Amino acid sequence: MRIDIATLFPEMCEAVLSESIVGRARKKGAIEVYCHQIRDYTCDKHRRVDDIPYGGGMGMVMQAEPIYNCYKAVCEQTGIKPHTIYMTPKGSVFNQKKAIELSKMNNLLVLCGHYEGVDQRIIDKIVDEEISIGDYVLTGGELPAAVLTDAVARMCSGVLSSAECYEDESHFSGLLEYPQYTRPEIWEGEAVPPVLLSGHHKNIADWRLEQSLKITSEKRPDMYEKFEKERNKHKK
């Protein structure tokens with residue numbers, strides 16, 4: 001998979017995506033991530049990429065032309081039109097289901113807005129979908145782009161050691177994850193649940209499912225209700 005990020009702050013994205021699991025995956029070629037400086041694609045000698053909004057109002061709006069030039073350059077590099085995402089508080093809220101869907105694509109282009117956003121005409125021309133990482137506003141789209149890239153990249157082949165690393169965790173199955181424990185066996189007087197030391201795989205699996213159901217019902221009753229509806233539907 002190749003992910004291109006169009007941004008005014010490529011160093012900000014690189015700082016996150018060059019480290020840890022995603023950083024190692026990039027180095028070994030399991031995934032490609034490129035951060036493009038939108039200012040490099042403006043024809044303005046001062047490298048200006050924004051202007052005041054028509055109709056008045058506070059702040060500045062990113063111009064369409066530099067973004068479009070960046071988009072065309074990425075299309076030329078890849079030879080195809082990438083699935084283009086605009087990170088914006090107005091978008092659909094990102095979740096694990098969407099991350100799985102995006103991880104199956106070959107090329108993504110993520111556009112990071114800034115200031116008061118971007119000219120609507122560039123959204124209409126190149127953007128396939130608008131995505132938000134939550135119902136709040138940040139100063140730019142760089143952190144959301146890094147969040148989306150991390151969530152998608154970790155499910156690509158070769159990034160994690162196996163599919164079990166992401167399939168057996170919160171949200172993937174529709175439940176929150178069960179509690180995890182490691183050495184020592186007893187810490188501050190608290191012992192690891194005996195079933196986890198039993199070596200009995202079925203009992204461990206049953207305990208983990210029971211815990212996931214309990215935790216989900218307590219912390220996310222909305223998720224629990226949805227999970228139970230789906231489970232009962234399949235039983236019929």
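Not measured: the values here are computed from a predicted model.
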Notebook entry, point to check: Quick one: does Lys98's side chain get under 4.5 Å of Ile131's, heavy atoms only?
Noted result: yes

Check: Within a reach of under 6.0 Å around NZ of Lys81, are more than 12 heavy atoms found that belong to other residues, nucleotides or ligands?
Finding: yes

Note to self: Regarding Glu76 and Lys72, does a basic nitrogen lie under 4.0 Å from an acidic carboxylate oxygen?
What the structure shows: no

Checklist line | Ionic contact status for Glu225 with Lys229, cut-off 4.0 Å | finding: yes

Notebook entry, point to check: Is the shortest distance from a Lys or Arg side-chain nitrogen in Glu14 or Arg26 to a carboxylate oxygen in the other one below 4.0 Å?
Noted result: yes

Next item on the list: Establish whether Ile126 and Tyr86 are linked, either directly or via other cluster members, by ILVMFWY side-chain heavy-atom contacts under 4.5 Å.
Entry: yes

Notebook entry, point to check: So do the side chains of Ser198 and Ile204 get within less than 4.5 Å of each other, counting heavy atoms only?
Noted result: yes

Next item on the list: Hey, could you give me the OH/OG1 distance between Tyr178 and Thr216, rounded to the nearest 0.5 Å?
Entry: 12.5 Å

Next item on the list: Salt-bridge test for Asp206 and Lys202: reply yes if a basic N is under 4.0 Å from a carboxylate O, no otherwise.
Entry: yes

Checklist line | Rounded distance (nearest 0.5 Å) linking atom CG of Leu108 with atom CD1 of Ile5 | finding: 10.0 Å

Check: Can we say Asp44 and Arg39 salt-bridge, meaning some charged N sits less than 4.0 Å from an Asp/Glu carboxylate O?
Finding: no

Next item on the list: Apply the test side-chain contact (heavy atoms from CB on, under 4.5 Å) to residues Ile100 and Met155: give CA-CA distance (whole Å), side-chain angles for both, the deciding distance (0.1 Å), then the verdict.
Entry: CA-CA 7 Å; Ile100 295 169; Met155 288 184 289; 3.6 Å; yes

Item checked: Glu177/Arg208 salt bridge by N-O under 4.0 Å criterion -> no

Next item on the list: Could you check if a side-chain atom of Leu109 sits within less than 4.5 angstrom of a side-chain atom of Ile3, using non-hydrogen atoms only?
Entry: no

Next item on the list: Report the relative orientation of the aromatic rings in His36 and Tyr34; use parallel for angles under 30°, tilted for 30 to 60°, perpendicular for over 60°.
Entry: tilted

Checklist line | Neighbour count above 12 (heavy atom, 6.0 Å) for Asp135 CG | finding: no

Could you go through residues 51-63 and list every donor-acceptor pair under 3.5 Å that involves a side-chain atom there, pairing it with any protein atom two or more places apart or in another chain?
residue	atom	partner	partner atom	Å
Asp51	OD1	Arg48	NH2	3.4

Note to self: Heavy-atom count check: over 12 atoms from other residues, nucleotides or ligands less than 6.0 Å from Glu185 CD?
What the structure shows: no

